[in-house]
Amino acid sequence: MPLLAVTREPLSVEKLSADVAALSGAEGEGCGAVTSFAGLVRAHHQGRAVTHLEYEAYEPLALKSFEQIRREAKDQWPGVVLGLHHRIGRLEIGEASIVIAAAAAHRAAAFEVCRYVIERVKQIAPIWKHEYFSGGGDAWVEGAVADPNDAAARELARARACASA
Amino acid sequence: MPLLAVTREPLSVEKLSADVAALSGAEGEGCGAVTSFAGLVRAHHQGRAVTHLEYEAYEPLALKSFEQIRREAKDQWPGVVLGLHHRIGRLEIGEASIVIAAAAAHRAAAFEVCRYVIERVKQIAPIWKHEYFSGGGDAWVEGAVADPNDAAARELARARACASA
Amino acid sequence: MRVGVKLFAQLRDKAGAGDVAIEIGAGATVRQVWQALVAAHPELAPFETSVSCAVNATYARMHTHVNAGDEVAFLPPVSGG
Amino acid sequence: MRVGVKLFAQLRDKAGAGDVAIEIGAGATVRQVWQALVAAHPELAPFETSVSCAVNATYARMHTHVNAGDEVAFLPPVSGG
């Protein structure tokens with residue numbers, strides 16, 4: 001799978017981490033740090049029992065938003081190699097909806113990119129979560145109003161990603 | 001392997017992540033986020049070409065330091081499940097010397113614990129890195145003077161772990 | 001001219017269709033496409049303040065002009081991750 | 001009394017041994033064990049300001065008292081991770 005993808009297949013943190021580490025190791029100072037994030041489907045949301053989820057994406061735009069996020073990350077953290085896969089379709093409890101992996105020479109950048117990317121995905125990726133509840137009923141989750149050019153949102157993601165020391 | 005370990009075996013981020021996710025999923029709000037960090041052996045260090053490394057540990061004290069770090073993390077981020085494996089012995093370029101995995105209901109705590117733990121390992125774990133150079137020669141790397149009760153060091157680790165927003 | 005409109009998530013559920021064809025005058029903006037859509041599907045009106053838009057799978061603005069055959073997408077607040 | 005001293009990394013390389021037995025008076029502190037060690041291995045003296053210590057595999061202080069048979073470890077600056 002390419003480093004940026006929207007897919008119906010189960011996600012693998014291990015594979016994506018290995019891919020970014022291999023690319024990072026081939027350049028410059030080499031790869032000294034790999035960070036990853038996986039978002040998993042929880043059995044409860046805001047007090048309601050969830051049986052499963054469905055994720056829907058506007059796939060071509062989602063991929064372009066991933067590319068934008070990668071450009072933003074490269075601008076701020078040159079040399080970091082990013083992998084980002086989002087799953088769509090039906091997901092069961094405990095399955096990963098998103099995996100992010102970042103490889104860099106040193107740990108600070110790898111941590112910061114991983115966190116930055118999940119914040120930006122939640123802000124601008126055209127992907128929607130549909131929750132199905134135990135005992136019936138379902139709801140679309142409404143998150144952020146997507147605006148890829150909102151500088152304040154981008155700054156919030158950067159602030160969440162960057163350590164205070 | 002237990003969640004905290006010093007080992008001569010190759011490390012697996014995937015296995016450790018799965019272990020912490022399973023434990024986290026069984027409690028409270030369930031597991032919504034898993035973060036990981038892997039430190040890899042780089043081929044270059046401060047301008048010198050490295051052929052391989054050897055890591056040495058005072059194993060029983062290293063394990064106790066891992067337990068202290070876990071207690072510190074639990075105090076600040078209750079509910080986060082932590083896994084921490086450090087490898088010792090000979091390591092080749094590209095191999096992982098350390099893997100950390102953190103699982104939590106929500107992403108902020110999972111990211112912060114992962115970062116906090118690597119900072120604390122570098123401060124207080126009785127483990128030493130011995131570099132062997134291309135063309136001969138070798139050197140022990142001198143890092144931090146280990147002091148498990150140094151409040152300023154602990155605060156520095158916390159500050160590096162915590163986002164500024 | 002005719003443009004294709006794509007709707008997602010709640011918007012699609014409310015409208016009862018994910019793909020809608022809209023007839024509109026040449027030189028129309030995305031906002032005018034939205035207004036034509038709401039005229040046909042009044043149940044979409046409450047989304048006006050939170051909807052994002054894209055033209056041909058690129059994020060756009062409500063004042064962006066559209067051409068015949070364009071794919072105009074309207075996106076409710078996103079919730080990926 | 002006799003205590004066992006464990007040395008790691010540079011300290012072990014400099015001393016040429018990872019395990020050293022030290023004879024010392026009852027009620028001695030870790031610092032006195034260190035001083036006896038340096039008397040036998042003067043090449044360790046430069047580490048005095050950067051060494052950490054443990055007694056029986058628990059971090060200790062230079063003023064900690066040791067007992068016969070204790071394992072006293074001296075640790076140069078650490079570099080794990």
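Below, chains carry the letters A, B, ... as their sequence lines are ordered, and counting in each starts from 1.
Counting heavy atoms from C-beta outward, C:L7 and C:L44 have side chains that approach closer than 4.5 Å. Proximity of C:I22 to C:V20: side-chain heavy atoms (C-beta onward) are separated by under 4.5 Å at one or more points.
Residue A:K64 touches chain C through its side chain alone, counting heavy-atom pairs closer than 4.5 Å. Looking at A:Y58, both its backbone and its side chain come within 4.5 Å of chain C, counting heavy atoms on both sides. In this structure, the portion of A:Q123 lying under 4.5 Å from any heavy atom of chain C is its backbone and not its side chain. For A:E56, the part sitting under 4.5 Å from any heavy atom of chain C is the side chain, from C-beta outward, and nothing else. Within the 4.5 angstrom heavy-atom criterion, no atom of A:A139 approaches chain C. Proximity to chain A is limited to the backbone of C:N56, based on heavy atoms less than 4.5 angstrom apart. With a 4.5 Å cut-off on non-hydrogen atoms, A:A125 touches chain C through its backbone but not through its side chain. Heavy atoms closer than 4.5 Å to chain A are found in the side chain of C:A54, but not in its backbone.
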*In sequence, state the C-alpha distance, the side-chain angles, and the governing distance for A:H44 and A:V50, and then conclude on side-chain contact (heavy atoms from CB on, under 4.5 Å).*
CA-CA 5 Å; A:H44 301 275; A:V50 173; 5.9 Å; no
_Determine whether A:E92 and A:V41 satisfy the following criterion, side-chain contact (heavy atoms from CB on, under 4.5 Å), listing intermediate values before the conclusion._
CA-CA 7 Å; A:E92 308 299 329; A:V41 179; over 6 Å; no
*asked:* Determine whether C:E48 and C:R31 satisfy the following criterion, side-chain contact (heavy atoms from CB on, under 4.5 Å), listing intermediate values before the conclusion.
replied: CA-CA 10 Å; C:E48 171 130 5; C:R31 184 176 308 283; 3.9 Å; yes
*asked:* Quick one, A:Y116 with A:E72, criterion side-chain hydrogen bond (donor to acceptor under 3.5 Å, both in side chains). Give me CA distance, side-chain angles, the key distance, then yes/no.
replied: CA-CA 9 Å; A:Y116 181 79; A:E72 292 174 358; 2.7 Å; yes
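When A:S97, A:P126, A:P60, A:G39 are compared by the number of non-hydrogen pairs under 4.5 Å with chain C, A:P126 comes out ahead.
One side chain, C:Q10 or A:E142, offers a donor N or O that lies under 3.5 Å from an acceptor on the other.
Taking OH from A:Y132 and NE2 from A:H52, the interatomic distance works out to 5.5 Å, rounded to the nearest 0.5 Å. Residue A:R90 holds its CZ atom at 14.0 Å from OH of A:Y55, rounded to the nearest 0.5 Å. Taking CG of C:L11 as the start and CG of C:D13 as the end, the distance is 9.0 Å to the nearest 0.5 Å.
Along residues 65-81 of chain C, the residues that come nearer than 4.5 angstrom to chain A, judged on non-hydrogen atoms, are C:E71, C:A73, C:L75, C:P76, C:P77, C:V78, C:S79, C:G80, C:G81 in order of number.
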